[in-house]
Number of protein chains: 2
Amino acid sequence: MATATEKAYDIIRRNILDGVFEAGTHLKEEDLVRLCGVSRTPVRDALRRLAIDHYVVTRPNQGTFVNQWSLKDIHDIFELRAMLEGVVARRAAAAIGPGHMAALKQAFGTIQAMLADDAADLDVNLFLAENKIFHMTMLQAADSAPLATMLSSLVQPPIVARTALGYNVEDLRQSNEHHRELIEALGVGDGAWAEAIMQAHIRAAHRKFMASYRPGGGFAAP
Amino acid sequence: MATATEKAYDIIRRNILDGVFEAGTHLKEEDLVRLCGVSRTPVRDALRRLAIDHYVVTRPNQGTFVNQWSLKDIHDIFELRAMLEGVVARRAAAAIGPGHMAALKQAFGTIQAMLADDAADLDVNLFLAENKIFHMTMLQAADSAPLATMLSSLVQPPIVARTALGYNVEDLRQSNEHHRELIEALGVGDGAWAEAIMQAHIRAAHRKFMASYRPGGGFAAP
DNA sequence: ATGGTCGCCATTGTATACAATGTGGCGGAA
DNA sequence: TTCCGCCACATTGTATACAATGGCGACCAT
């Protein structure tokens with residue numbers, strides 16, 4: 001966290017993800033100055049960067065607001081993610097090398113170990129971190145900068161995080177079984193197989209998310 | 001062009017599109033201050049907005065550079081555009097109303113009129129404007145904010161503009177015939193048909209673009 | 001001659017002061 | 001009472017001054 005802009009970015013982002021700043025909230029620059037302990041200039045910079053990542057939207061002369069998605073938007077996002085992550089899997093099957101393959105297996109193994117232990121002490125954030133590593137590795141293996149750019153604008157952290165909150169242990173096991181099958185498909189270079197299982201993987205997440213979604217913006221406990 | 005930020009944004013963007021700022025150029029804030037006649041603050045704001053739209057990339061403590069795409073990136077961009085614009089067409093076929101349909105027919109008619117005249121006096125910018133209206137109308141008819149966001153990050157104006165430069169009159173006629181067929185498919189609500197012809201439309205543009213592409217960044221005259 | 005290191009300068013990052021804008025409330029008139 | 005217009009304030013937009021960073025070249029040591 002070397003620069004003031006980064007500091008402001010991280011603090012604001014964290015508050016959005018933690019739900020302190022609810023969807024639609026008007027983020028006033030002066031308040032953020034007090035919260036972050038930096039001047040307005042880096043705060044404004046941070047808000048622009050958050051706009052790039054679609055955490056917020058800025059309306060000229062009005063201010064910056066925490067982004068919110070309609071139910072329809074969320075459906076569309078999952079729909080598009082299923083399609084694009086499917087492409088990622090297909091391309092990864094054609095291009096993956098031993099390094100990325102090893103990273104995938106390790107992420108799978110780490111999650112598997114989490115699930116083998118008593119489920120009670122499972123740390124959702126730890127799961128999310130490993131899950132992210134898995135998907136990022138796939139993305140790198142697919143070796144397409146435009147594809148990576150598009151997906152990054154589609155994988156909305158608030159939604160992904162809340163999806164995980166809706167998971168129970170059985171759901172997590174199913175999720176990691178998909179990972180296992182993806183590794184298998186990639187191992188034999190079967191792009192169509194990899195694409196299909198990846199689409200199932202995302203669509204399953206979609207259903208789990210909807211099951212715990214509440215229109216008001218709140219979410220059911222896991 | 002009310003605000004200084006908008007002014008800077010438009011000037012810098014125009015210079016990039018016109019090729020004054022070539023790909024990879026280091027855009028120095030102080031130079032842009034002199035060019036735009038505003039202070040550094042709105043210039044920096046404008047550069048952040050240009051980064052959102054992928055015209056430039058910013059590296060911390062190093063500066064802002066005009067974005068450049070590799071040949072592979074360009075292929076990927078067209079590939080993804082074909083897929084996503086296909087989805088747009090499919091969804092538009094299911095949801096389009098009379099207003100959007102009329103707009104599509106008008107854009108088609110305008111382009112048709114351009115091509116009926118003597119080809120010598122054809123204004124490429126005018127064609128581009130109507131072409132954009134056509135595709136934006138399709139996007140609105142598809143009625144999906146996430147889809148619109150993704151495509152906007154994929155439709156790189158420099159590439160689209162240079163694609164048109166590579167067109168000859170026959171290519172333009174083919175392009176507008178695709179538009180005609182899209183309207184027909186949408187009229188009978190055949191989403192699969194619309195999707196297929198849209199994919200062909202983008203892939204044809206891809207080939208026309210590659211035919212006039214020169215690796216150095218220059219392009220053959222039309 | 002070559003390799004590394006130090007310091008200067010160009011450039012970006014940050015803070016603060018001031019200007020402009022848009023909004024909400026108050027008051028007056030119909 | 002209700003609607004319109006105006007004023008004041010809260011908030012964002014802009015300019016300028018200062019701080020920090022990093023790249024590049026010169027210089028020294030080997």
Side-chain angles (χ1 to χ4, degrees), chain A residues 1-68 149 152, chain B residues 1-68 149 152:
Chain A
M1 197 186 295
T3 72
T5 298
E6 287 176 55
K7 184 179 177 185
Y9 179 92
D10 288 336
I11 291 176
I12 299 169
R13 177 176 173 276
R14 175 53 50 101
N15 274 280
I16 293 174
L17 290 180
D18 291 351
V20 179
F21 297 151
E22 294 178 19
T25 303
H26 184 182
L27 298 177
K28 293 164 192 171
E29 298 175 358
E30 204 56 47
D31 295 347
L32 299 175
V33 164
R34 280 189 291 277
L35 177 66
C36 303
V38 299
S39 81
R40 265 184 67 210
T41 309
V43 163
R44 286 170 66 85
D45 248 42
L47 288 175
R48 300 296 177 274
R49 283 187 53 196
L50 288 163
I52 295 179
D53 300 338
H54 301 98
Y55 286 99
V56 302
V57 292
T58 298
R59 289 199 282 274
N61 279 319
Q62 283 193 317
T64 303
F65 301 82
V66 178
N67 206 346
Q68 55 185 342
T149 303
S152 75
Chain B
M1 198 185 297
T3 72
T5 298
E6 286 176 55
K7 185 179 177 186
Y9 179 91
D10 289 336
I11 292 176
I12 299 168
R13 177 175 172 276
R14 176 53 49 103
N15 275 279
I16 292 174
L17 290 179
D18 290 351
V20 179
F21 297 151
E22 295 178 15
T25 303
H26 184 181
L27 297 177
K28 293 165 194 171
E29 299 175 356
E30 204 55 48
D31 295 347
L32 299 175
V33 164
R34 280 189 292 276
L35 177 66
C36 303
V38 298
S39 82
R40 265 185 66 209
T41 308
V43 163
R44 287 171 65 85
D45 248 42
L47 289 175
R48 299 296 175 274
R49 283 187 54 195
L50 288 163
I52 295 179
D53 300 338
H54 301 99
Y55 285 100
V56 302
V57 291
T58 299
R59 288 198 283 274
N61 279 318
Q62 284 193 318
T64 302
F65 301 82
V66 179
N67 206 346
Q68 54 185 344
T149 302
S152 75

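So that the names make sense, note that chain A is the first sequence line, chain B the second, and so on, each numbered from 1.
Along DNA chain C, the nucleotide nearest to Arg40(A) and the one nearest to Pro60(B) differ in position, and the one closer to the 5' end is contacted by Pro60(B).
Taking the charged nitrogens against the carboxylate oxygens, Arg44(A) and Asp45(B) do have a contact shorter than 4.0 Å, which makes a salt bridge.
Rounded to whole angstrom, the span from the CD atom of Glu6(A) across to the P atom of dA20(D) amounts to 17 Å. Rounded to an integer number of Å, the gap from Lys28(B) NZ to dA10(C) P is 10 Å. Taking atom CD of Glu30(B) as the reference point, atom P of dT12(C) lies 9 Å away to the nearest angstrom. The nearest whole Å value for the distance from the CZ atom in Arg49(B) to the P atom in dT14(D) is 11 Å. If you measure from atom OH of Tyr9(A) to atom P of dT14(C), you get 15 Å, rounded to the nearest angstrom. Distance Asp45(A) CG to dT12(D) P: 15 Å, rounded to the nearest Å. Rounded to an integer number of Å, the gap from CD of Glu29(A) to C1' of dT21(C) is 13 Å. Protein atom CZ of Arg44(B) is 14 Å distant from nucleotide atom P of dA15(D), rounded to whole Å.
An OP1 or OP2 oxygen of dT11(D) is reached within less than 4.0 angstrom by no side-chain nitrogen or oxygen of Gln62(A). When the side-chain nitrogen and oxygen atoms of Thr41(B) are compared with OP1 and OP2 of dG13(D), none of them lie within a distance under 4.0 Å. Checking the phosphate oxygens (OP1, OP2) of dA10(D), no side-chain nitrogen or oxygen of His26(A) falls inside 4.0 Å.
Using a 4.0 Å heavy-atom cutoff across all strands shown, Leu27(B) reaches sugar-phosphate atoms only and no base atom.
Ile16(A) places a side-chain heavy atom less than 4.5 Å from the side chain of Val56(A).
The Arg48(B) side chain lies nearest to dG13(C) when the options are dC18(C), dT12(C), dG13(C). Taking only side-chain atoms of Ser39(B), from C-beta outward, the nucleotide of dT14(D), dG13(D), dT11(D) with the closest atom is dT14(D).
Using bins of under 30°, 30° to 60° and over 60° for the plane-to-plane angle, the ring pair Tyr55(A)/Tyr9(A) lands in the perpendicular bin.
Dense packing is recorded around CD of Gln62(B), with more than 12 heavy atoms of other residues, nucleotides or ligands lying under 6.0 Å away.
The minimum heavy-atom distance linking Thr5(A) with Ala46(A) is given by the pair O-CB, 3.8 Å.
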